[in-house]
Number of protein chains: 2
Amino acid sequence: MKYSKKTISESLPRYQEIQNHLKSQILSGTWAPGTKVPSEHELAAQFDCARMTVSKAIGSLVEKGLVVRRRRAGTIVAAPRSQETVLEIHDIQAEVQASGRLYRFDIQSRRVGKATREEAEKLGAALGSPVLAISCVHWADTVPYALEERLINLDAVPEAESEMFREVPPGSWLLAKIPWNEAEHRIFAVSADAVTARVLKIRRSAPCLCIERRTRRDSHNVTYVRLIYPGEQHVLVARFQTHGATAR
Amino acid sequence: MKYSKKTISESLPRYQEIQNHLKSQILSGTWAPGTKVPSEHELAAQFDCARMTVSKAIGSLVEKGLVVRRRRAGTIVAAPRSQETVLEIHDIQAEVQASGRLYRFDIQSRRVGKATREEAEKLGAALGSPVLAISCVHWADTVPYALEERLINLDAVPEAESEMFREVPPGSWLLAKIPWNEAEHRIFAVSADAVTARVLKIRRSAPCLCIERRTRRDSHNVTYVRLIYPGEQHVLVARFQTHGATAR
DNA sequence: GAGTGGTCTAGACCACTGA
DNA sequence: CAGTGGTCTAGACCACTCA
């Protein structure tokens, strides 16, 4: 049978029909974890298509973690292990503006120097490396939105030394300068210390959400940032990864 | 040219070689966002393989968000938008045991009844639906680890009504009972109220990390849970999605 | 040894869209 | 309207692993 595109039916790609069929069996619980999925040959016959089309459908389910493939053993429904979710951490400026508020930022302090032990550790750079340390407050309308404390490795981004961040906040500047990074995040709750309370205009020891991020580029540590959001105001939303469209 | 598997070279699949090549161009910054990637035909010629092999390589990069494909326009390097990370939220029992500590849990309260307005809203069920409300403390050795407040929709999981959770905590019980869900998470910082402070043995108004999760199965809301972790003790770790192995 | 998935080919037709 | 990606086929060979 030669290839010929959908005739009637409102043209969902063949592999997606197959994928949806399998997914519904799994998510509805008809196929419990450990259940053997029909072999690719069987599915190809059942859906009257080439095996590769089936393979593409199943491959996508593997990436989502819904099934596990093993040679000879076949494809089986995976056990849901940890709750794995996709968390989107947006650019602060975009985040504020998306909520319809006016964005601005203040540079509180700016220092170029050699990394102290603590700074070197946070940044993952050698003691005494040249660093730029910045403290910055982000505002939404007239309300403090977040406190940013950032270290930039000047070995990795020498241009930053002469950048004063008058127009563009450090995060956006770096994003444009150094696109495509790897990063690790740590998320936890902290109590506002005196400085944080003052600049964010909240009471001392108020709960805050803290996001720490270390960013690498090509295995070189580029920047470390600690963002503190006034508690209960800022909510991170994550959706379960396994369902719906894949990445974005 | 007929297909014949790797001869010399230690056999990385063809499509992965291509993918790695493209990825390194992007992550190293050689190809800035907006740069046009060679067409699939060109790449197929360049790597001496079929176009479908190239397509598979690129398809994977699309899922990771590194490139965007458009007909006629071709494939271009994507702009890194939000920092999208994968967050793993583990089963509490597994989490505690993984850290080498003894896990146990206490059921603080258990009530079967009709959903109040607040409960119905949290659960996303109709007012007056039958619900099971549970409060539960998780321990690591002799230290309180987290406070769990959970609502279970008895329309979706009627077996829960007679389950006393003597052996297995509600989360694990549900996971085994209702495999494969969809879920939404909300993460934020809160201040410990009187009850939370008492059961977690922390001072009042201490900062805590709060994770709310609403779980669906087949579009039916199954359970709502609110987990409160003593602040600064519990850290969520997330890694940037775009690099390295895909899902897990 | 036989059956499974893993990968690949050399075509093909189609749909979209930018020049 | 021409070039791009999107999808698909009907094979093929290979590697693994379980019976």
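Quick caveat, the model's predicted, so the values are computed rather than measured. Chain A is the first sequence line, chain B the second, and so forth, proteins listed ahead of strands; every chain is numbered from 1.
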Notebook entry, point to check: Using the ring of each side chain (for Trp, its six-membered ring), is B:Tyr229 parallel, tilted or perpendicular to B:His234, with breaks at 30° and 60°?
Noted result: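 Ring orientation of B:Tyr229 relative to B:His234: parallel.
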
Rounded to whole angstroms, how far apart are [atom1] on [X] and [atom2] on [N]?
X       : N      : atom1 : atom2 : value
B:Leu61 : D:dG6  : CG    : P     : 13 Å
A:His41 : D:dG11 : NE2   : C1'   : 10 Å
B:Arg69 : D:dT4  : CZ    : P     : 14 Å
A:Arg51 : D:dA12 : CZ    : P     : 13 Å

Note to self: Which heavy atom of A:Glu148 sits nearest to which heavy atom of A:Pro170, and what is that distance?
What the structure shows: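 Nearest heavy atoms, A:Glu148 then A:Pro170: OE2-CB, 3.8 Å.
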
Note to self: Once hydrogens and angles are ignored, does a donor-acceptor distance under 3.5 Å link the base of D:dG6 to the side chain of A:Arg14?
What the structure shows: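 No, the side chain and the base share no sub-3.5 Å donor-acceptor pair.
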
Margin query: Given the structure, check if the side chain of B:Arg72 and the base of D:dA2 hold any donor-acceptor pair shorter than 3.5 Å.
Written below: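 Under the 3.5 Å cut-off, the side chain and the base do form a donor-acceptor pair.
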
Is the distance from OP1 or OP2 of [N] to the nearest side-chain N or O of [X] less than 4.0 Å?
X       : N     : answer
B:Thr53 : C:dT9 : yes
B:Thr75 : D:dG5 : yes
B:Tyr15 : C:dC8 : no
B:Lys56 : C:dT7 : yes
A:Arg71 : C:dG3 : no

Check: Below 4.5 Å, heavy atoms only, C-beta onward: do A:Glu40 and A:Ile58 meet side chain to side chain?
Finding: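 A:Glu40 reaches A:Ile58 side chain to side chain.
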
Checklist line | Exceeds 12 heavy-atom contacts within 6.0 angstrom, atom CZ of B:Arg70 | finding: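 It does not: B:Arg70 CZ has 12 such atoms or fewer within range.
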
